[in-house]
Amino acid sequence: MKEQTFLEGFAVEDFQRDLIHWFEKEQRDLPWRKDNDPYKIWVSEIMLQQTKVDTVIPYFNKFIEQFPTLEALAEADEEEVLKAWEGLGYYSRIRNLHAAVKEVKEQYGGKVPDNPEQFSKLKGVGPYTTGAVLSIAYGIPEPAVDGNVMRVLSRIFLVWEDISKTGTRKLFEAIVRKIISKENPSYFNQALMELGALICAPRNPACLLCPVQAHCRAFHEGVQTELPVKTKKANVKQVAIAAAVLKDEHGKILIHKRDGAGLLANLWEFPNCEVIHSQENLERQLEKFLQEEYGAAVQLGNPFATLEHVFSHLVWNITVYDGKIIGDVAETEQLKLVDEQEIGLYAFPVSHQRIWQEYKKKETGG
DNA sequence: CAGACGTGGAT
DNA sequence: TATCCAAGTCT
């Protein structure tokens, strides 16, 4: 179906007015709405990808305090920047943002590009972020189609396409191009998302409070809870992991920096390996891994914790050992022996923060 | 185009 | 407890 099909008989200007008036009155007071600094808008949009507003707020405030300007972020050390993102997830976002900000500093004199062609070429900047930053920071009428917008518009226009399909977003972008306010694209885009967050919720939409109820075809037909159509994915893969908190004779802890690409890229972790044959010879496999990969001869203790950590696409079932390092380990950029007090200086994923918590609990508890 | 890529909160 | 979700992008 083409976008024209959905737009027949739709009162575009009334819709824009009702939507924007509602946003002017009801918008939340959020830290990235205090000014229109393109850099801050950009940071907020990256943080907000697949992440709740309540989760982002404290990270955003601290991040801007630490890196107040694009220049400051561009000049910061990678380790420092990664540490600021610790716990937020989807860590490629910060790697890409850091690279992109450096690019803007060097290629554009520190000014965030105000056209879609240049801005969307930057790392980590896709169609949504392009529209969001350019419309909010510069008032440029580009669509910013996220999950909220697809949900809201699927209901208003009775769109039955599956929003989990990659191509469906383009249909919504085409619709937005037809209905976006040219006078205030910033408020139009934000209002669509705000409406999705506050009124047009996934479950139990508050249609009786909706400022654009009169424009909503799903409400008119009483099918708002059946939209949007979204197919669910199959169960995630289970992965068995054996991990170890290892001390040398000076009481220093062995930590390892993960590869620069893939899962939890560049984050630090306690030595661990995937276990091939579930439950059989965990200890043996871990010892062999530590010897071959890190050149570390170890005396493992008994497992002191088993943790389950759920990702969006897999599950780690972690068995955690303590142990002693026998002899010396050659330290590298990726492999360090650190004091317990220094652990907090390194960026760890939540799964390994939990390992450390369990270890400390064991040490102090008995 | 699917699948990879994190985490914590709501129902 | 299980499932779904939240302002997506990259490969």
Side-chain angles (χ1 to χ4, degrees), chain A residues 23 27-28 30-33 40-60 82 85-97 99-100 119-137 143-152 162-170 172-173 176 186 189-198 200-204 225 228 230-237 239 258-267 269 308-316 347-354:
Chain A
F23 182 72
Q27 65 170 293
R28 290 167 291 180
L30 299 173
W32 45 90
R33 287 180 176 161
K40 293 181 200 166
I41 303 295
W42 186 5
V43 169
S44 76
E45 291 302 341
I46 300 299
M47 283 189 174
L48 285 161
Q49 288 171 10
Q50 302 294 287
T51 310
K52 295 254 203 311
V53 164
D54 288 345
T55 301
V56 167
I57 289 173
Y59 278 92
F60 177 84
L82 194 57
W85 207 268
E86 183 186 48
L88 251 190
Y90 287 136
Y91 298 94
S92 68
R93 291 185 294 176
I94 187 56
R95 184 175 67 251
N96 288 332
L97 177 61
F119 187 64
S120 64
K121 281 187 184 135
L122 296 166
K123 286 185 179 173
V125 177
Y128 164 75
T129 304
T130 299
V133 173
L134 293 195
S135 65
I136 296 170
V145 175
D146 69 342
N148 283 312
V149 172
M150 289 197 282
R151 181 173 61 257
V152 170
D162 183 352
I163 67 165
S164 62
K165 302 283 186 189
T166 313
T168 303
R169 197 199 69 247
K170 291 180 186 298
F172 288 103
E173 284 174 348
V176 171
S186 166
N189 279 340
Q190 291 186 77
L192 234 32
M193 294 187 274
E194 196 83 338
L195 189 69
L198 300 182
C200 196
R203 286 174 282 204
N204 305 318
T225 56
K230 190 176 185 182
T231 55
K232 56 177 180 286
K233 60 176 182 188
N235 286 340
V236 297
K237 186 172 61 167
V239 176
R258 294 177 62 89
D259 191 74
L263 183 64
L264 305 171
N266 290 326
L267 273 72
E269 64 184 1
E308 181 191 70
H309 190 81
V310 180
F311 297 88
S312 42
H313 60 302
L314 57 85
V315 178
W316 275 354
F348 284 82
V350 169
S351 49
H352 284 254
Q353 293 174 34
R354 292 191 173 136

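In what follows, every chain begins at residue 1, and chains take the letters A, B, ... in the order their sequences are listed.
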[X] [atom1] to [N] [atom2], straight-line distance once rounded to whole Å:
| X | N | atom1 | atom2 | value |
| --- | --- | --- | --- | --- |
| Ile46(A) | dG8(C) | CD1 | C1' | 9 Å |
| Glu308(A) | dT1(C) | CD | P | 11 Å |
| Asp162(A) | dC1(B) | CG | C1' | 13 Å |
| Arg169(A) | dG8(C) | CZ | C1' | 9 Å |
| Lys230(A) | dA2(B) | NZ | P | 15 Å |
| Leu122(A) | dG8(C) | CG | P | 19 Å |
| Asp146(A) | dA6(C) | CG | C1' | 9 Å |
| Lys165(A) | dT9(C) | NZ | P | 20 Å |

Donor + acceptor pair across side chains of Gln50(A), Ser312(A) (<3.5 Å): no
Could you measure between the two [atom1] atoms, the one in [N] and the one in [M], and give it in whole Å?
| N | M | atom1 | value |
| --- | --- | --- | --- |
| dC5(B) | dA6(C) | P | 23 Å |
| dG6(B) | dT3(C) | P | 23 Å |
| dG8(B) | dT9(C) | P | 23 Å |

Any base atoms under 4.0 Å from [X], or only sugar-phosphate, or nothing? Heavy atoms, all strands.
| X | result |
| --- | --- |
| Ile136(A) | nothing |
| Trp85(A) | nothing |
| Val53(A) | base |
| Ser44(A) | nothing |
| Arg33(A) | base |

Residue closer to the 5' end of DNA chain C, Asn96(A) versus Leu48(A) (nearest nucleotide): Leu48(A)
Residue met sooner reading DNA chain C from 5', once Glu194(A) and Val125(A) are mapped to nucleotides: Glu194(A)
Using atom types as modelled and distance alone, determine if a side-chain donor or acceptor of [X] lies under 3.5 Å from a backbone N or O of [Y].
| X | Y | value |
| --- | --- | --- |
| Arg33(A) | Leu30(A) | no |
| Arg258(A) | Leu267(A) | no |
| Arg93(A) | Leu88(A) | yes |

Proximity of Trp42(A) and Phe119(A) rings by center, below 6.0 Å: yes
Selection residues 40-58 of chain A - residue pairs positive for salt bridge (charged side-chain N to carboxylate O under 4.0 Å, His left out), sequence neighbours left out: Asp35(A)-Lys40(A)
Geometric class of the His352(A)/Trp316(A) ring pair [parallel <30°, tilted 30-60°, perpendicular >60°]: perpendicular
Sugar-phosphate or base contact per nucleotide [nucleotides 3-11 of chain B; S, B, -; heavy atom under 4.0 Å]: -SBBBB---
Close side-chain approach of Tyr128(A) to Val145(A), heavy-atom, < 4.5 Å: no
